[in-house]
Amino acid sequence: MSVQQGAFDTAQLADQVAVVTGAGNNGIGWGICRHAAGQLKMHVLIIDLHENLVQSAVERLRAEFPAILVSGMRCDVTRPEDLQWAAKQVSARFPGKDIGAVFANAGVIFNKTIMKSSIEHWRTTLDVNIMGVLHTIQAFVPLLQAQSCESIFSTTASVGGLVRGDAGAASYQASKHAVVAMTESLSYELAVKSPQIRFHVLCPCIVGTALGETSRINRMVKTGDLDEAQVHVPQTQSIGDLAQTPDAHARQVFDHIAAGNFYMITENKRPYVDHDFPFDAEAIIQERMEGVLKMQLDNSDALNRNQGRQTSSILKGPLFQEVARRAANHSES
Ligand SMILES: NC(=O)c1ccc[n+]([C@@H]2O[C@H](COP(=O)([O-])OP(=O)(O)OC[C@H]3O[C@@H](n4cnc5c(N)ncnc54)[C@H](O)[C@@H]3O)[C@@H](O)[C@H]2O)c1
């Protein structure tokens, strides 16, 4: 066991600050904010890309939890100076409070194969998903190092950062593998110097969010095709009740933190979902690791087609079998 892991009493986070990037929509970051405020009595700093998203999230959280301090900052995580500025603002916005947890969570996805994706999709994905995490680390870890209390620093990768790539979003998976590698390195680098910081890498499976749509909206603002003032929180686009809700997902995140799990794989399993169709990350990760050790890449999943649908080497566990079964029933009726 690493010196930074082991059980952690999350009650000690009360009255401390949670900093969460990518929390302005109704996704994973927002669920973490609600859990931190509602269950742990933490104060919350919400960071996201657009002023109106940040302000509306701040207002919603303040209205729901009036006893805690909530602040928001518009930052582009691809700009190191934005995050350095945000880190400098924390002591003024939350006077006398320690930072209990930082979640480097902002991310984008563009579902394209390598041959069909543009250089710009790749650059944006690597910039937000990798460099954005790096900038958050470099801005906030020094604040945690300066504190004597224990604290949490969590990066958001994906289960996609632990399994092989397939015919989905190659740029996304490449970026998430990098987040896993960065977080492992950081944990090792600071194990002796700053053992009070507990590093974690969050590897969600399927959470009901609008990640694809928020990525599209953010890109439209960047290219000038959408006015920033028109940005709104989109509808969740995921697979209905088979996905975890952001609230249930946040419970699982803090259960992992309490258990001291470095790799926080948040599975679609009870009690965090109300069904028995798991993503089955364990089997899919094991398959990859066994292939690596045998020095073989098995592409047999690419050759199997299921009722006309392209199969995947990743999205193939009981959860996606159930998605396929429901889609087939729907098309028959
Ligand atoms: N939803 C899932 O099933 C799932 C699975 C695995 C990993 N993830 C990861 O979880 C994280 C949160 O995604 P989500 O699913 O909650 O979707 P989401 O769209 O709610 O969250 C992503 C947030 O990042 C923000 N963002 C994007 N670019 C930014 C930038 N340059 N600066 C600041 N903020 C920026 C977006 O505005 C958005 O609010 C992402 O890193 C994503 O890759 C999600």
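Remember, it's 1-based here, ligands and their atoms both numbered in the order they're listed.
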### Task
Please identify which atoms of ligand 1 are closer than 4.0 Å to at least one heavy atom of Asp76.
30 (C), 31 (N), 32 (N)
### Message
Under 4.0 Å from a heavy atom of Asn25: which atoms of ligand 1 are those, numbered in the order shown and with their elements?
### Response
20 (O), 36 (C), 37 (O), 38 (C), 39 (O)
### Task
Taking only heavy atoms of Thr156 into account, list the atoms of ligand 1 that are under 4.0 Å away from them.
9 (C), 10 (O), 11 (C), 41 (O)
### Query
Please state which protein non-hydrogen atom is closest to atom 32 (N) of ligand 1 and give its distance, to 0.1 Å?
Val77 N, 3.0 Å
### Task
Drop me the distance from Phe254's CZ to His35's NE2, to the nearest 0.5 angstrom.
5.5 Å
### Query
Would Cys205 count as a contact of ligand 1 if the rule is a heavy atom under 4.0 Å away?
yes
### Message
Asp241: which residues meet the salt bridge (charged side-chain N to carboxylate O under 4.0 Å, His left out) condition with it, sequence neighbours left out?
### Response
Arg326
### Task
Would you indicate which of Asn218, Thr78, Leu211 comes nearest to atom 17 (O) of ligand 1 when only heavy atoms are counted?
Leu211
### Query
Got a sec, which hydrophobics cluster with Ile46, joining ILVMFWY side chains under 4.5 Å apart, including via others?
Trp30, Val44, Val54, Val58, Leu61, Phe65, Ile68, Val70
### Task
Just jot down the ligand 1 atoms closer than 4.0 angstrom to any heavy atom of Ser158, in number order.
6 (C), 7 (C)
### Query
Does at least one non-hydrogen atom of Tyr172 fall below 4.0 angstrom from an atom of ligand 1?
yes
#### Entry: Nearest neighbour in protein (non-hydrogen) for atom 16 (O) of ligand 1
Ile28 N, 2.7 Å
